[in-house]
Structures are given as C-alpha cells and as structure tokens.
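Here is the structure we will look at, set down as structure tokens.
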2 protein chains.
Amino acid sequence: MEPTSVDDCIIFLLAKAYQRAHQHFKRRLLIHGLTPIQHLILEALFVLDNPSAGDLGRLLSLDAATLSGVLDRLAEAGWVVRNPDPDDKRIIRIGLTERAVEKRDDLVQERQAANEEILRDFSREERVLLKRLLKDIRG
Amino acid sequence: MEPTSVDDCIIFLLAKAYQRAHQHFKRRLLIHGLTPIQHLILEALFVLDNPSAGDLGRLLSLDAATLSGVLDRLAEAGWVVRNPDPDDKRIIRIGLTERAVEKRDDLVQERQAANEEILRDFSREERVLLKRLLKDIRG
DNA sequence: TTGGTTTATTTTGCATACAAACTGTTTGAA
DNA sequence: TTCAAACAGTTTGTATGCAAAATAAACCAA
C-alpha cells in the first residue's frame, strides 16, 4: 500500500502467517474430526484437572461466548462433559471423556508434528527469537 | 501443555499475537465504521486501479467467498461500488466512492499509527526481523 | 459450430471471534 | 438479613474464514 506496503503492515503479516499455520494444522486434524481450537482445548484438559469454563478461557485467552460454543460442539462429538460445580452453581467444570483420554498421545503428537512442519525452515535461534517477539507484541 | 507448553506452540502464539494486533486496530477503526479487513481492502483500492474482485483476493490472500461478503458490506456502507467489466461479463471491477477517496489520508494514517503502537516496544532491528520471520512461516 | 471444460463470482453451511444482553448465583455492605 | 452489585455462563447478532455447490460467462478442441 502507500506509503507502507502491504508487506510492511504488521497486522497483515500476522494475519497471513497465522492463517497459514492455522490452515496447516486444520488439514492435519481433519482425520481426527477436530478443529485447531477444539484441539487446543483438549490439550489444556490433558493438563488441567477439571477446570471451570472460566479457567479454560483465561488460560487460552478465549472469549466466554466463543468458548461456550466450542464446548457445545466438543460435548456433542463426545470429547468432553460439562459437570456442574457442587459448591458454586454458577460454575461449570469441564471433563474429558474416556475416548478423549485414549487419544491423548495421538493428539499431542499431531500438534508437535504440525509445529515442526510450520517452523521447518527456521534455525533453533530463529525459533526462540520468533516466539519471544510474538509474545511481546502489544494489544 | 505437554511436553510442549502452550507458550511454546507456534500456532497458539501466532493466533494470540494476531488477536491482540487485530483487536487494537479494530478498536481504533470503530470511529470510522470500518473493520480491519474492510480497511485493508480500501487501502488496496487506494493503490490498484479498478481491480477485479479476483485481483483483490489474490493480492490480499482473501478467499473469494469471504471477499464477496466483505464487498457486500463495504458497498452497503457506501465505500465501494461494484462495476461489471465491459469486456468479460464474469468479472466485477471494484471502485471507490467519493467518500472513500476523501477519507484516504485519514485511513492510511490510522493504520500507520496502529502499526506503530503494536510495535512500540521493538527496536528497528527487531521489527525487520519479526517481519522477515513472519513472511517465512510456511503453510 | 458446439458441447465440455475452465474461470469468476456468489451462495450456503459451519466454525471461530467478540460485543451486548440475559439468566441464574453468590457476595457484600448497610 | 436483605438487596444491589459482582460473577459465571449462555444467547443473540454481526463479521470474518473457508469448503463445497451453484451460477454464469468465456474458451477451446473435435
């Protein structure tokens, strides 16, 4: 564009780099019947113990409204279960189904492979640097 | 996550960095009644002369289906006009309205300011490096 | 010339994203 | 104790993003 070209607009570059990475992972996940976001939530559940929807949202920077819909589809497809919290009726706790637990290793490996593919052209130093720079980008 | 943590997943880091930048620009564009994507298309039109919808899509890596909807809203809001190509009736050429041309300087400046804000913590070297790394990320 | 193929765009359907409104619970201060 | 404010989630409405099908026009080989 002018005077800064498209290729110099950080918002555009971020959008397109994200799009490429997202698309790559999305295609890879097709066989599992998951989307990248759904996969992200499952991986969080492999680590957290029975978190509330709010916990998940904060950890993954996911909007409550967005998360609600994603959890609908994950529950519908038999990956997660919504359990009401016994002490606070406002809170919904999210648990994994047996099927999700069984697929854990497969799913983790799938993400690792996708990350490796996306970064295959970068040296170790470039990978570290890129990650640092991305974390430091301000809102 | 495990063994790679959330903060080490390039797909996640890209998604969140993009989200922050996008949100920042989105809030900034509210007064103009534009979204970041709509703004991107207007800036492309400031440079290209009467491009076809396909030209725009290729330049901006926008899906034809997505572009069609964005053009609907830009036309509806009085920013652009769809003109049928006289030589090839399949092609739609996109033109700016007078109002859009008048706001050109304002809009360009808005993006420059947003870019500067988003990158305010980075040195000149870091900015160059980040942009190169983003361009090299594979699909 | 014509009919099959390719091309340009739109439409439809589904999945994020997020603002704003809404529901139901819990909390805290008067 | 009680009621308004705060909190957790869901719903609704709008805007991308993309796959797949539909539509219309142009092209091209037999």
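Order of the sequence lines sets the chain letters (A, B, ...), proteins ahead of strands, with each chain counted from 1. These numbers come from the heavy atoms of this one structure, side chains and all, not from hydrogens, waters or symmetry mates.
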Side chain of A:Ile91: nearest nucleotide among D:dT12, D:dA8, D:dT16? D:dA8
C:dC18 phosphate, OP1 or OP2: any side-chain N/O from B:Arg27 under 4.0 angstrom? no
Is there a side-chain contact (heavy atoms from CB on, under 4.5 Å) between B:Glu110 and B:Arg28 once you walk through the steps? CA-CA 8 Å; B:Glu110 205 66 77; B:Arg28 204 179 252 282; 3.0 Å; yes
Below 4.0 angstrom from OP1 or OP2 of D:dT16, is there any side-chain N or O of B:Tyr18? no
Decide yes or no for A:Leu74 and A:Ile94: does some side-chain heavy atom of the first lie under 4.5 Å from some side-chain heavy atom of the second? no
Heavy atoms from C-beta onward define the side chain here; which of D:dG9, D:dC18, C:dC18 lies closest to that of B:Asp63? D:dC18
I want to verify a distance call: between D:dC18, C:dT26, D:dG17, whose nearest atom is closest to the A:Lys89 side chain? C:dT26
Identify whether any heavy atom of A:Ala64 sits under 4.0 Å from a base atom; if not, whether one sits that close to sugar-phosphate; answer base, sugar-phosphate or nothing. base
Just to confirm, is there a sub-4.0 Å distance from OP1 or OP2 of D:dT16 to any side-chain nitrogen or oxygen of A:Gln19? no
Contact summary for A:Leu59 and B:Phe12, nearest pair of heavy atoms: O-CZ, 4.2 Å
Any idea which of D:dA19, D:dA15, C:dA19 is nearest the B:Ala65 side chain? D:dA19
Rounding to an integer number of Å, can you tell me how far A:Arg20 CZ sits from D:dC18 C1'? 16 Å
Send over the distance from A:Arg73 CZ to C:dA17 P, rounded to a whole Å. 10 Å
On a plain distance test, is the side chain of B:Arg90 in donor-acceptor contact with the base of C:dT7 below 3.5 Å? yes
Could you give the CZ-to-C1' distance, from A:Arg93 to D:dA8, as a whole number of Å? 11 Å
Name the orientation class of the two ring planes belonging to A:Phe25 and A:His39 (parallel below 30°, tilted from 30 to 60°, perpendicular beyond 60°). perpendicular
How long is the line joining CG of B:Leu30 and C1' of C:dC18, in whole Å? 12 Å
Just verifying a value: how many Å separate A:Leu130 CG and B:Leu134 CG, rounded to the nearest 0.5 Å? 6.5 Å
Per atom distances to the B:Lys26 side chain, the nearest of D:dT10, C:dC18, D:dA15 is C:dC18
Would you please confirm or rule out a distance under 4.0 Å between OP1 or OP2 of D:dT10 and any side-chain N or O of A:Arg82? yes
Just compare C:dC18, D:dA15, D:dA20 and give me whichever is closest to any side-chain atom of B:Gln23. C:dC18
Taking only the side-chain heavy atoms of A:Gln38 (C-beta and beyond), determine which of D:dG9, D:dG17, C:dA15 contains the nearest atom. C:dA15
Quick check on DNA chain D: between A:Ser52 and B:Asp87, whose nearest nucleotide comes earlier from the 5' end? A:Ser52
Nearest-Å distance, CG (A:Asp88) to P (D:dA6)? 17 Å
A:Leu67 atom CG is separated from D:dA8 atom P, nearest whole Å, by 13 Å
Using atom CD1 of A:Ile94 as one end and atom C1' of D:dT10 as the other, report the distance to the nearest whole Å. 12 Å
Below 4.0 angstrom from OP1 or OP2 of C:dA15, is there any side-chain N or O of A:Thr66? no
For the student: nearest non-hydrogen atoms of A:Phe46 and A:Val108, plus distance: CD1-CG2, 4.3 Å
Separation of B:Leu34 atom CG from D:dT16 atom P, in whole Å? 10 Å
